[in-house]
Structure formats: structure tokens, C-alpha cells
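The structure appears below as C-alpha cells.
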Amino acid sequence: MKRETGVVLALDETDPEKALAIVRDVSPYIDAVKINWPLVLSAGPDMINRLSEVTDVICDFKVADIPNTVRLIVENCVSRGAAAVIVHAFTGDDSMRAAVEAAGGKAMIIAVTEMSHPGGKMFTAKHAEEMARLGVECGADGFIAPATRPERIAAIRAIIGDRKILSPGVGAQGGSASSAIKAGADYVIVGRAIYKADDPKAVAKSIADEIRTVI
Ligand code: 3DU
């Protein structure tokens, strides 16, 4: 996945044509688009193929299952052209290894550590460092850490070396792009602040500009 602007668009817009139009509009200012269940459930999995023709696609299915099911999901995403798949780490070493093996080096496997919303503190925060260490052992290429708590990004960075950190929670959830990048994130993930804006391209550009001032 390229690293030019540091911005990943979380495309939770559920109207397929609007979603594609937004991606085309903001594409000069994003490194990738992250899609989640809202868009895939309304538009179908072909959306992975379609978007992959425009930019790198991260499938944020937060896969959390037994190794065989994890393998089937990751293989499907990879066959559709996904550049990365997000999986939960709490499922343990066998499921994590199944994800990495299924990706076969063709897509990144990104493991969730601590989630960015307030409820993320209840369970995920308490085990975030353990999950990061497990991800490293199992060969994960990157990690999700919260832009809403930049100090937690720094804690994950200290464990994972030069593997990638992607940080959601910028904008609508209250986190700041520059604080996340300064704390050690490689990319920020931004959804509503961009796709719900009157001028998504201008917002994406301003976040890319903000990131450029701190790197
Ligand atoms: O809050 P936003 O609209 O910027 O969207 C954030 C996206 O990132 C959304 O797709 C959500 O499912 C995802 N995400 C988190 O917000 C927090 C996490 O810990 C993991 C993923």
C-alpha cells in the first residue's frame, strides 16, 4: 500500500454510486479506501473488485472466527483484489496465522488492538499490548490503534517496530490526524468527516495537508 498522504478513507456511505463518486473525487488525497459491512451489505462484495480498480482497498471485516472460516474470508477478499484485510487479534494465534497464510503475501493482514470508541476501553485496551505482540509473532503486517488516544498509538508502536499502524477515530470521533501521526501512526482512517462533508475533496486535502506539517 502506498504512503503518500497518510489518509485512508473509511467509506461507510451505503449508496454504491455515491460511494464510487466520492472515491473518484478524493482519490488524489487518499492512499487507500477502507470498506466495512455497511457498504458491502448494501452494494455486494463486487464493490471490492470495483473499488480496487480505482485505489487500494482495505477490507475492514474485523474477521473474528476459527482458522478455517478466517481463511475462507481472507482468500475471498484477496481474490477480489483487496490490498489488506482487517482481522481481530483476540481470536488467538491459530486464527491469526490462518489469516496471514491465506493472504499469502498478496494482501496485508492488519490486526485490531485497542478500539477507538469509549467501549474500546472495557476489554480491548486491557489486552492491546498482548494482541500487538501476538500479531508480530504471527506475521501481521499492520495494526489498528486509536487516534482518540494517541498515547496508546505510541504504546503499540513501541512493540511492533516498523510494521504499519492505521488509526481510526479522526474527525467524527474526536481524534486529530496530526496527533495520531506524531504518536506513531502511518495512516489515519477518516470516515464521516470526509464522506459526509459538503466538499469531501477539500476535507481530504486539508487532512493530507495537516499530516504533511508533522512528518
Ligand atoms: O468515525 P468515522 O466515520 O471516521 O469512521 C471510522 C471507521 O473506522 C469506521 O468504518 C469504523 O468501523 C472503523 N473503526 C473504528 O472507527 C474504530 C476501530 O477501533 C476500528 C475501526
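In this chain, numbering begins with 1 at the start of the sequence shown. Start at 1 and go down the list; that is how both ligands and their atoms are numbered.
Hydrophobic clustering (side-chain heavy atoms under 4.5 Å, transitive across Ile, Leu, Val, Met, Phe, Trp, Tyr) keeps Phe90 apart from Val100. Note on Ile109 and Val70: same hydrophobic cluster, where clusters join Ile, Leu, Val, Met, Phe, Trp and Tyr whose side-chain heavy atoms are under 4.5 Å apart, directly or indirectly.
Between Glu17 and Arg50 there is a salt bridge, with a side-chain nitrogen of the basic residue lying less than 4.0 Å from a carboxylate oxygen of the acidic one. Classification of Asp94 and Arg97 as a salt-bridged pair fails, no side-chain N sitting under 4.0 Å from a carboxylate O.
Across Arg152, Lys126, Lys121, a single residue satisfies salt bridge (Lys or Arg N to Asp or Glu O under 4.0 Å) together with Glu114, and that is Arg152.
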Could you go through ligand 1 and note, for every N or O atom, any protein N or O atom closer than 3.5 angstrom, writing the atom names and distance to 0.1 Å, or 'none'?
{"unit_1": "ligand 1", "atom_1": "1 (O)", "unit_2": "Gln173", "atom_2": "NE2", "d": "2.8"}
{"unit_1": "ligand 1", "atom_1": "1 (O)", "unit_2": "Arg192", "atom_2": "NH2", "d": "2.8"}
{"unit_1": "ligand 1", "atom_1": "3 (O)", "unit_2": "Arg192", "atom_2": "N", "d": "2.8"}
{"unit_1": "ligand 1", "atom_1": "3 (O)", "unit_2": "Arg192", "atom_2": "NE", "d": "2.7"}
{"unit_1": "ligand 1", "atom_1": "4 (O)", "unit_2": "Gly191", "atom_2": "N", "d": "2.8"}
{"unit_1": "ligand 1", "atom_1": "10 (O)", "unit_2": "Asp12", "atom_2": "OD2", "d": "2.6"}
{"unit_1": "ligand 1", "atom_1": "10 (O)", "unit_2": "Lys34", "atom_2": "NZ", "d": "2.8"}
{"unit_1": "ligand 1", "atom_1": "12 (O)", "unit_2": "Asn36", "atom_2": "ND2", "d": "3.0"}
{"unit_1": "ligand 1", "atom_1": "16 (O)", "unit_2": "Gln173", "atom_2": "NE2", "d": "2.8"}
{"unit_1": "ligand 1", "atom_1": "19 (O)", "unit_2": "Ser116", "atom_2": "N", "d": "3.1"}

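Arg157 places a side-chain N or O within 3.5 Å of a backbone atom of Gly184 that can act as its donor or acceptor partner.
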